[in-house]
Number of protein chains: 2
Amino acid sequence: MSEKKEQKTNGKPRGRAAAVGLTKDRIVDVAIAQIDEKGFHAFSMRELARALGVSPNNIYWHVGGTKEDLFGEIAARFTAEVSQSLPRDKPWQDRLRTVFLSYREAVSDHANVAPLLGAQLKSNGVANLALVEAVLTALHDAGYRGPGMRDAFNALIGGLCGFVTMEFAPAPDDKAQEWEALFAERVAGIDPALFPYTHSVLPEFSNRIFVLRWENGKDVSYASSFDFLLDLLIEGLSAHAPNQTPTS
Amino acid sequence: MSEKKEQKTNGKPRGRAAAVGLTKDRIVDVAIAQIDEKGFHAFSMRELARALGVSPNNIYWHVGGTKEDLFGEIAARFTAEVSQSLPRDKPWQDRLRTVFLSYREAVSDHANVAPLLGAQLKSNGVANLALVEAVLTALHDAGYRGPGMRDAFNALIGGLCGFVTMEFAPAPDDKAQEWEALFAERVAGIDPALFPYTHSVLPEFSNRIFVLRWENGKDVSYASSFDFLLDLLIEGLSAHAPNQTPTS
DNA sequence: CTTTCAATTGCACAGTGTTCTATAAATGAA
DNA sequence: TTCATTTATAGAACACTGTGCAATTGAAAG
């Protein structure tokens with residue numbers, strides 16, 4: 001028909017005719033890929049929609065009202081992977097280590113996503129039950145109950161996930177290249193009267209502190225520090241554990 | 001249109017005639033106040049400018065190019081306050097404790113600023129020398145050097161500042177009121193087959209884990225967990241310290 | 001008396017998250 | 001078959017955002 005109002009839609013069909021079989025999983029997949037590639041700062045709903053070949057509203061329809069909800073789905077993806085192959089018969093210390101090492105591994109594979117995770121874990125911790133379950137059962141086996149369990153739980157989640165959120169997140173705009181020079185300049189400008197020790201000792205540590213080292217696309221300096229922190233926490237929790245079963 | 005040529009400036013004078021004596025300090029003051037009041041998410045350069053009675057560009061001129069630079073100044077304000085009244089003659093453990101407790105105190109007075117601090121400390125750690133100096137000297141006194149010092153440094157900064165960044169940051173849009181109900185609903189929906197322990201035990205912990213308790217406008221549940229984590233770290237670092245001076 | 005300069009402004013650009021409304025296919029009911 | 005409802009999509013618009021550019025002007029410097 002000649003009087004069809006086809007011009008109004010600018011050629012592209014509307015409605016379900018254009019169904020592309022969009023799913024929450026695919027949205028989260030592409031969102032993570034986009035953040036990996038372009039960085040968290042540059043990630044936007046509109047560009048995600050463009051990458052999916054879909055209108056922004058479609059995304060909102062699938063993930064619930066807001067961008068924050070999408071972030072929640074992304075975070076859940078990370079904490080869900082954590083539970084795989086948990087050795088239930090091993091001592092609780094080993095289980096804790098396995099869980100948090102796998103979390104660190106998952107995040108360091110997608111360092112650009114890190115800035116998201118902390119806030120999401122905090123505001124919607126109940127959505128990340130695989131992680132919660134693992135930590136709670138471990139602490140229960142250690143004998144922790146009540147306020148003591150709360151403190152142990154928060155120390156683990158807050159300390160370790162906080163570490164990951166903070167340290168694995170790359171600097172905005174990827175100024176890592178100029179970073180070493182910037183660092184040297186800053187260190188040179190330190191006032192010896194105000195910060196005597198830092199002034200005298202920081203230069204020699206410039207390749208040990210602050211500056212990251214990458215191997216095979218993964219950071220190895222923060223990773224080793226994370227492991228050190230993890231060991232410290234497990235040792236401490238073992239020493240204070242109400243159930244003092246011998247640590248074979 | 002009309003013959004009035006002065007309307008162009010809308011009554012307000014331009015140029016230095018309108019000088020308001022804007023300073024970096026005042027900008028940071030008002031920025032922190034705004035974030036405290038409206039929340040981090042709602043903070044914008046334009047509204048800050050409005051609150052200061054000034055044009056946005058004026059702020060850029062004073063703090064350097066970008067919003068991120070302003071965040072850097074804010075973070076520096078927090079870490080600078082940390083150094084006050086450090087007992088240099090006390091053992092390094094006590095000095096560490098003092099430093100990080102004062103940091104926690106500073107942040108929990110401005111919980112809405114927390115989301116900023118992690119990223120800023122990470123990407124511009126060298127700008128926060130008061131904190132760095134304190135931690136480095138303490139670790140030096142404990143005998144830590146080289147890679148061991150790096151790991152200890154990162155564990156402390158990453159674990160404790162990460163904890164603060166993650167846990168003290170309030171949920172977006174302040175849905176704390178509806179939170180308890182939401183929590184109960186989520187907990188009730190937990191699949192016992194997938195998460196048996198969480199399902200059976202989480203309800204009784206609902207007022208110990210996740211849910212915060214406030215007294216005198218300050219959170220007391222995360223604060224006590226932070227202190228527990230701090231003690232764990234200091235104990236562990238003492239046990240592994242190369243300098244084994246007796247802990248009186 | 002000029003010139004330079006520090007501090008400030010308005011305007012405009014290229015986005016952003018999100019809401020409202022229109023739409024067409026799939027589905028189910030009559 | 002026919003018709004209403006639901007589901008999954010799109011377009012346009014709104015009220016913002018960070019930030020660059022060029023203009024402006026009082027004060028200081030020469």
Shortest side-chain distance from B:Asn58, nucleotide among C:dT8, D:dT17, D:dT7: C:dT8
Nucleotide of D:dG18, D:dT19, C:dT9 approaching B:Thr66 most closely (side-chain heavy atoms): D:dT19
B:Tyr60 OH - C:dC11 P separation (whole Å): 18 Å
Distance in angstrom units between B:Arg50 CZ and C:dG10 C1', rounded: 15 Å
Between C1' of D:dA10 and CD1 of A:Ile59, the distance in whole Å: 13 Å
Plane angle bin for A:Phe168 and A:Phe226 - parallel if under 30°, tilted between 30 and 60°, otherwise perpendicular: tilted
Nearest-angstrom distance from the residue atom CG of A:Leu48 to P of D:dT9: 14 Å
Touch class at under 4.0 angstrom, heavy-atom based, for B:Ser55 against every strand present: base
D:dA12 phosphate, OP1 or OP2, under 4.0 Å from A:Arg46 side-chain N/O: no
Spacing between B:Met45 atom CE and C:dG10 atom P, to the nearest angstrom: 17 Å
Chi angles and distances behind the ring pair (Phe, Tyr, Trp, His ring centres under 6.0 Å) call for B:Tyr103, B:Phe163: CA-CA 12 Å; B:Tyr103 182 69; B:Phe163 183 105; over 10 Å; no
Interatomic distance where NE2 belongs to A:His41 and C1' belongs to C:dT16 [whole Å]: 11 Å
Rounded distance (Å) that lies between atom C1' of C:dT16 and atom CZ of A:Phe43: 12 Å
Phosphate OP1/OP2 of C:dA6 contacted by B:His62 side-chain N/O (<4.0 Å): no
Euclidean distance, atom CH2 of residue A:Trp61 to atom P of C:dT21 [Å, nearest integer]: 19 Å
Nucleotide nearest A:Asn57 when distance is taken to its side chain, options C:dT8, D:dG20, D:dA10: D:dA10
Identified side-chain contact (heavy atoms from CB on, under 4.5 Å) partner of B:Ile157 from the options B:Asn128, B:Leu131, B:Val132: B:Leu131
Listed nucleotide nearest any side-chain atom of B:Pro56, set D:dT17, D:dT19, C:dG17: D:dT19
